[in-house]
K.L.:
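Pasting in a structure now, in structure tokens, and then I'll have a few things to ask.
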2 protein chains.
Amino acid sequence: MDGADTARRRPTITDVARLAEVSPQTVSRYLRFNGGLKPATLERVEKAIRELDYRPNLVARSMRTQKTGRLAILMPAMAFNPSRMLAGASATAQASGYFVDVVSAGGGVRPRSERLLELADSGQYEGILSLAPVLPSMENKLHQRTTVVISADFDDEMRGIGELADATPIVRMIEHLVALGHSRFFHVAGDGHFASARARRQSYLDTVERLGAESLGVFDGDWSGESGIEAIRSLPSDARPTAVIAANDLVAAGVVRGARERGWDVPGDVSVTGWDNVGVGQFMTPSLTTVDVDLERLGSKAMAKLIAGLTNTAPEPNDVSLFRIIWRESTAEPPPGSRLAP
Amino acid sequence: MDGADTARRRPTITDVARLAEVSPQTVSRYLRFNGGLKPATLERVEKAIRELDYRPNLVARSMRTQKTGRLAILMPAMAFNPSRMLAGASATAQASGYFVDVVSAGGGVRPRSERLLELADSGQYEGILSLAPVLPSMENKLHQRTTVVISADFDDEMRGIGELADATPIVRMIEHLVALGHSRFFHVAGDGHFASARARRQSYLDTVERLGAESLGVFDGDWSGESGIEAIRSLPSDARPTAVIAANDLVAAGVVRGARERGWDVPGDVSVTGWDNVGVGQFMTPSLTTVDVDLERLGSKAMAKLIAGLTNTAPEPNDVSLFRIIWRESTAEPPPGSRLAP
DNA sequence: ACGCAAAAAGTGATCGTTCACTATAGTCCT
DNA sequence: AGGACTATAGTGAACGATCACTTTTTGCGT
């Protein structure tokens, strides 16, 4: 019935002041910048703080200063693995002296947008970094009161697309494969609702055409391994690609599985590429060629943008690539006969 | 230079009261429970709130009520994929009316413990759920002021171990394999600093002995795929297990790779089991037998415990198993000859 | 010794809400 | 019709810290 209530009251700044025989204001001064205190006073205050094990009440401080020193990260529930991105973002924020909270919002765009508005107006956050898009109609209201940076990969008919949607590695992979002698490509795309999926799809189409290679088309999947298998099954028997560009590693694993099902050897008959550098990809047989995405840096950059907006500083430009292609066993030269095909 | 500062001042409860021609207290009453207001008054207040687009300042409210309605989740930076666990935990908390923030703390046990203490004393959280262990010395200080529930999987010489450390699925897997005719086992353990790794190791040893099966020993790995490969390489040429129990799917993938390297067929010569039900495991060849862990429920239960502690309610007992074994291609009957071995 | 500026410390008000009371109006019973 | 209640609304203080001032102390030159 009592239990937790046995706790004695938290000491306040006044308690410290009384013990140190100074005014609260002096203690406050000590807490905010260690200056303007006589050595003797300073010592008394320090001793009192230590003795009471005092820590300032941040809520009260926020109340007076109108600053919370806390940021929120709003993210879609159940996105792909966001933890690395968060790690980068929160490290950057902490370096600038901010607390970071991660608030997840389920549901679609609308409830998420409303949640964001609610957060922005709660007075608890100075800035909000949204890793998911919000309704354009909300955005106007938002920026009036709290700095909000939206850095969305996902997108449902929304304008800005984040850096994750950059699909240039697809271009480089296809170029490399063509140089190896590949001529017939096939793409298994991710869920078309995602900007990144659409960007990869488009990059695939553009690049294959630009290089004058043949495309057996695009299978519109949903990021799942099953879609990879189905994509291969859907190919007519006289159409065998020499290389399949999968939307991500999971799809790629499905593609490899599907190819084996049809008796095609990977990479002997077909090369396969993925995306994400999933842990086990390295140990599969064949190990998976993939794109490693520097999610930490991505998160860090997004957060840097938010902080820059908050302090009215210009964000430092940074054009280091976030992507790195890792070539592994699932890609090789095309089978000898393939070059002779019409 | 100005930019964000164009924002007009947020309306306060007093502004609303003035507009509605009532006292602030009346507005406050409206906000907390919609009762005790005359319909006419209620309507005036509602109208004023709508007109000003007023939202209560939660910091100020917290200040007065001494309740923040916010919880923090402290988690180790870079743990295995925590997002599913978080999803479960935050859903449960929100159902009880709490905000949930995720605060990540890098470094080891000590910095994490200090961070936790800091959080607990910041006055911003009513309860904290730590998914990582803290120093025992800190714990005493902690519980005096803020309810803290530590639900740690990881552990360095710490007492309580979380449910993740439950290794009974290992027992069931071995029993099943023995029933299939397997007789020579081998275990590749995870990092010994983790309670879960130690529990799985111990369950392996106990069960193999209890069933009178032969064990080729335990290789102490570190959860990595490389450790799986090395474990297989380390086996002398005359010692070939019929089944390998790997600490998780990544290790299992390494084991499969290592086995192939030595010319052993999986599952023809050796069966392999993993743990975690990683996405691609299903599409590997052979697809991976594994243990699916219901992380959502785990997170939800941990949070329920915290909330129960906060409200002095008894947590509802719940003994639904969090684990489910998924049998796939990587496990099968042992090779015929193996039964004849000494 | 004196004056005067700089350094150090203190005072009262305030941030936006809610709590514990008090005051007023409306209702019902005998 | 008077009194006892209940429903509704208002008042002043308080939560814990910091801000903008004011006051006291210290240091220094002449």
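Proteins come first, then strands; the chains are lettered A, B, ... in the order of their sequence lines, and each starts at number 1.
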K.L.:
Check the distance between C:dT14's P and A:K67's NZ and give it to me in whole angstrom.
P.N.:
21 Å
K.L.:
What nucleic acid atoms does A:V59 come within less than 4.0 Å of, heavy atoms only: base, sugar-phosphate, or nothing?
P.N.:
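Counting heavy atoms under 4.0 Å across all strands, no contact is made by A:V59.
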K.L.:
Does any non-hydrogen side-chain atom of B:R61 lie less than 4.5 Å from one of B:L31?
P.N.:
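Yes - at least one pair of side-chain heavy atoms lies under 4.5 Å apart.
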K.L.:
Quick one: A:Y30 OH to C:dA8 C1', roughly how many Å, whole number?
P.N.:
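Taking atom C1' of C:dA8 as the reference, OH of A:Y30 is at 17 Å.
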K.L.:
Summarise protein proximity over nucleotides 13-23 of chain D in one line of letters, 5' to 3': B for base, S for sugar-phosphate only, - for none, counting protein heavy atoms closer than 4.0 Å.
P.N.:
BBBBBBBB---
K.L.:
Return yes if some donor-acceptor pair links the side-chain N/O of A:S62 with the main-chain N/O of A:L58 below 3.5 Å, else return no.
P.N.:
yes
K.L.:
Spell out, as yes or no, whether a donor-acceptor pair under 3.5 Å connects the side chain of A:D53 to the backbone of A:R50.
P.N.:
no
K.L.:
How many Å lie between CG on B:L37 and C1' on D:dG10, as a whole number?
P.N.:
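Taking atom C1' of D:dG10 as the reference, CG of B:L37 is at 13 Å.
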K.L.:
Check the distance between C:dA8's P and A:R44's CZ and give it to me in whole angstrom.
P.N.:
14 Å
K.L.:
Restricting to side chain to side chain contact (heavy atoms under 4.5 Å, CB included), what partner residues turn up for B:D294, sequence neighbours left out?
P.N.:
B:E296, B:R297, B:L322
K.L.:
Under 4.0 Å from OP1 or OP2 of D:dG10: is there any side-chain N or O of B:S23 that close?
P.N.:
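Yes, because at least one side-chain N or O of B:S23 sits under 4.0 Å from OP1 or OP2 of D:dG10.
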K.L.:
Hey, what bend do you get for the helix from C:dA1-D:dT30 to C:dT30-D:dA1 if you fit axes on five pairs at each end, rounded to 10°?
P.N.:
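The end axes of the helix from C:dA1-D:dT30 to C:dT30-D:dA1 are about 40° apart, to the nearest 10°.
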K.L.:
For residues B:I13 and B:Y54, determine if any side-chain heavy atom of one lies less than 4.5 Å from a side-chain heavy atom of the other.
P.N.:
yes
K.L.:
For B:E21, check salt bridge (Lys or Arg N to Asp or Glu O under 4.0 Å) against everything at least two apart and list the hits.
P.N.:
none
K.L.:
Can you name the side chain to side chain contact (heavy atoms under 4.5 Å, CB included) partners of B:K38, sequence neighbours left out?
P.N.:
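Here the qualifying residues are B:T41.
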K.L.:
Describe the nucleic acid contact of B:S62 in one word from base, sugar-phosphate, nothing, applying a heavy-atom distance below 4.0 Å.
P.N.:
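Since no nucleic acid heavy atom lies under 4.0 Å of B:S62, the category is nothing.
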K.L.:
Using the salt bridge (Lys or Arg N to Asp or Glu O under 4.0 Å) criterion, which residues pair with B:E43? Sequence neighbours excluded.
P.N.:
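Checked B:E43 against salt bridge (Lys or Arg N to Asp or Glu O under 4.0 Å); zero matches.
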K.L.:
When you measure from the side chain of B:R10 to the backbone of B:R55, do you find a donor-acceptor pair of N or O atoms at a distance under 3.5 Å?
P.N.:
yes
K.L.:
Can you tell me the distance, in whole Å, between the CG atom of B:L42 and the C1' atom of D:dT8?
P.N.:
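Result: 12 Å.
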